[in-house]
Number of protein chains: 2
Amino acid sequence: MTSVAVTKDEISKEENMITIKDVARLADVSISTVSRVINDSKPVSPEVRRKVLKVIEETGYKPNDVARSLVTRRSYLIGVIVNNLAQSYVADIVRGIEEIGKMYGYDILLCSSYSSKETQEKYLQLLDRKQAEGLFLVGNKFDEKIIEQATELNKPCVYFTRDVHENMNHISIDCNSAIYEMTKYLIQEGHKEIIYVSDFENRSTVEDEKISGYLKAIEDNELEFSKIYVVGGNKHNKAYELGETLIKNKGEFTAVVCSSDEIAIGIMDSFIDNGVKVPEEVSIAGFGNIREGKFVRPELTTIGEPYYDVGAVGMRMLIKMIKGDKTQQGLMELPFTLEKRKSVKTLV
Amino acid sequence: MTSVAVTKDEISKEENMITIKDVARLADVSISTVSRVINDSKPVSPEVRRKVLKVIEETGYKPNDVARSLVTRRSYLIGVIVNNLAQSYVADIVRGIEEIGKMYGYDILLCSSYSSKETQEKYLQLLDRKQAEGLFLVGNKFDEKIIEQATELNKPCVYFTRDVHENMNHISIDCNSAIYEMTKYLIQEGHKEIIYVSDFENRSTVEDEKISGYLKAIEDNELEFSKIYVVGGNKHNKAYELGETLIKNKGEFTAVVCSSDEIAIGIMDSFIDNGVKVPEEVSIAGFGNIREGKFVRPELTTIGEPYYDVGAVGMRMLIKMIKGDKTQQGLMELPFTLEKRKSVKTLV
DNA sequence: CTGAAAGCGCTTACAG
DNA sequence: CTGAAAGCGCTTACAG
């Protein structure tokens, strides 16, 4: 038999984990006292405090949040269910959520569902078991059942979505006004024949608002022409196809307002590939200010939503709700921006 | 005094939380038995199981993972510290991590540090206190101190970075070969004067490998010309500026290989804005296959790294390490792809 | 200011 | 197959 020298250090690597008990023993005080100095929850005499702090320092003791969580019934965990993390706006919202959360000691449990209802259900259960204190749902649209299940969790819940339901805490911009302003802007630039391209696949409450914003701008400015096209299905591809259809009616309009940047870029690509000059022949405007809009040539004129702020405001709202403030619930609208870039031509 | 009717339902909304104890009482068994049926950990007679399941069903009981965590010493939480969630490759890696993690019951604690060392330190502490079982660090570069602190946590740890240290578990592609292949490809397309643009700001071990890959390709193909430029600082801006410098030496080269897509796009924009035609006059190649590369015109030829797979493989490795498999540690290289698009012109 | 004790909601030997 | 008991690492009345 060979005997192997085992150093203290090696042992500690295996199953170290020093606890509050160890600290108490080493500092020759009760665990209550240790707890008090860690949390600064009750007065402790200076000498005792120093003694305890010294032991903590020496041992490198770190409180176990799981144990603390169990007794305080506070997890400081916030669930964030996103449909697609790869969308740039999602990352921005998450950043807002995270930064404000960090200020208040909350952490993010990230759950990407890729729009799968089953995955969302599983995550909802999981967040419940993990004692998440609140949750965010971010994505264009969520199934009724999911919204129902999220509500049944009886946890504070905030949505970032394009399909707004009743009793839903929701933060966004005023999409109706946004499209109204965009259409008005095009009119001011001298456009008289403006079409709107709607997103059929994701037909939602917000899409209805956008359409009515478009129509109202047309009406308020006494334009004679208005026309709504609908793209059906997977955005970029379908928008590209629709673009080819639009080319056939090229003389009909001088500008197109799109329900989303994805659609706008799809149409623009289709125009360019087919020799229709943007913005010389046709102006195009999008909605959402996705990152790609700045890389596309010409750069896309669009509506900007302050996603970071949207996330930050959402987190503030959620925290208030966690604290029991019922008044915070409801809708909330943040100011949007009109990003004037190169895809729109001035006609006057 | 007014008395308000309070229904059972309302009460349960306040401070419900039914526990294993309640289930045991209602099913008239011990909590051990309830635990056994929940976890399927030991045989339970069919009738008893049915009885317990029925109560669980009726009460909607959900086990408290925090309590379970405390006793099992398993949190099933994996910390992911990212520098910038908004970068598309990060989202892809996280997706890989998450999907494999989900298969094994692990959840992601997301920590965005925006390259702040202080934030990273705080998150490291936090992940420790939350009993995270392992962690990922994803970002171009991490400070020595951070790497040290991460190591001291004594938790399985995997990096996705461009600055590889010794004893670091790391997953990526073979960047040396990648640049070698890209340069070779340009040579095969007839280019004889090829420059390389290096990333000075993020000078890292991987950058050194890239440079030597470039030089080796030049040498292996017996080209007489080679030249390395360096961009200093914030990528897109600085690359744009460097582009203007390059234009002065336009006749010197026919192709430029860049250390990253960001640099390539910056230079390309600069060329285009200054009337230098890409790829007619100069061909450009990037590295990384960021989403923007497909939106830029001409579309950018680049090296693709399978980020999703990189994340997935990383998670697999981490899980093995959590299970105590020491052999899994070290470097791991996945195959890259050469994305041939429009920014490179064939000269032969 | 300090400590002993109870308890948070679970799991898991141990004994039967 | 089942239950009583101990214990995971903490916090927090309670008593002094």
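Being a predicted model, the structure only gives us computed values, none of them experimental. To find a chain, count down the sequence lines: A is the first, B the second, and so on, and within it residues start at 1.
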Exercise. At what distance, to the nearest 0.5 angstrom, does CD of B:E152 lie from SG of B:C157?
Worked result: 12.0 Å
Problem set entry | Separation of the P atoms in C:dC10 and C:dC14, to the nearest angstrom | 24 Å
Problem set entry | Separation between the P atoms of D:dT2 and D:dA6, rounded to whole Å | 23 Å
Seminar exercise, completed: Of A:K21 and A:V71, the one whose nearest nucleotide on DNA chain D sits closer to the 5' end is A:K21
Problem set entry | Within-4.5 Å side-chain heavy-atom neighbours: B:L109 and A:L109 | yes
Exercise. CZ of A:F136 to CG of A:L318: how many Å apart, nearest 0.5 Å?
Worked result: 4.5 Å
Problem set entry | Carboxylate-amine/guanidinium proximity below 4.0 Å for A:K51 and A:E47 | no
Exercise. First and last nucleotide of DNA chain C in contact with chain A, 5' to 3', at under 4.0 Å to a heavy atom: what are they?
Worked result: C:dC1 to C:dG9
For this session: Have a look at A:I56 and tell me which of A:V23, A:I18, A:I20 forms a side chain to side chain contact (heavy atoms under 4.5 Å, CB included) with it.
Result: A:V23
Problem set entry | Strand DNA chain C as a dot-bracket string - pairs counted if Watson-Crick or G-U with both distances under 3.5 Å, | where the partner lies in another strand | |||.||||||||.|||
Problem set entry | Steps toward salt bridge (charged side-chain N to carboxylate O under 4.0 Å, His left out) verdict (A:E121, A:K117) | CA-CA 6 Å; A:E121 277 182 13; A:K117 207 174 131 191; 5.1 Å; no
For this session: For B:Q131 and A:N64, indicate whether the former's side chain and the latter's backbone hold a donor-acceptor pair under 3.5 Å.
Result: no
Exercise. Under 4.0 angstrom, heavy atoms only, what part of the nucleic acid is A:V29 near: base, sugar-phosphate, or nothing?
Worked result: sugar-phosphate
Exercise. Would B:R49 and B:D40 count as a salt bridge (charged side-chain N to carboxylate O under 4.0 Å, His left out) if you check the C-alpha gap in whole Å, the side-chain angles of each, and the deciding distance to 0.1 Å?
Worked result: CA-CA 10 Å; B:R49 172 183 305 278; B:D40 235 345; 3.5 Å; yes
Exercise. Looking across every strand, which nucleic acid part, if any, lies under 4.0 Å from A:S32 by heavy atom: base, sugar-phosphate, or nothing?
Worked result: base
For this session: Check each residue of residues 33-56 of chain B for a non-hydrogen atom within less than 4.0 Å of any atom in DNA chain D, then write out the ones that pass by number, or none.
Result: B:T33, B:R36, B:P43, B:V44, B:S45, B:V48
For this session: Grab the two heavy atoms, one from A:T161 and one from A:G139, that are nearest each other, plus how far apart they are.
Result: OG1-O, 2.9 Å
For this session: Tell me which of A:P63 and B:S30 sits closer to the 5' end of DNA chain D, going by the nucleotide each one is nearest to.
Result: B:S30
Exercise. Any Lys/Arg nitrogen of B:D65 or B:R68 sitting under 4.0 Å from an Asp/Glu carboxylate oxygen of the other?
Worked result: yes
Seminar exercise, completed: Result for side chain to side chain contact (heavy atoms under 4.5 Å, CB included) between B:P156 and one of B:I78, B:I322, B:I319 points to B:I322
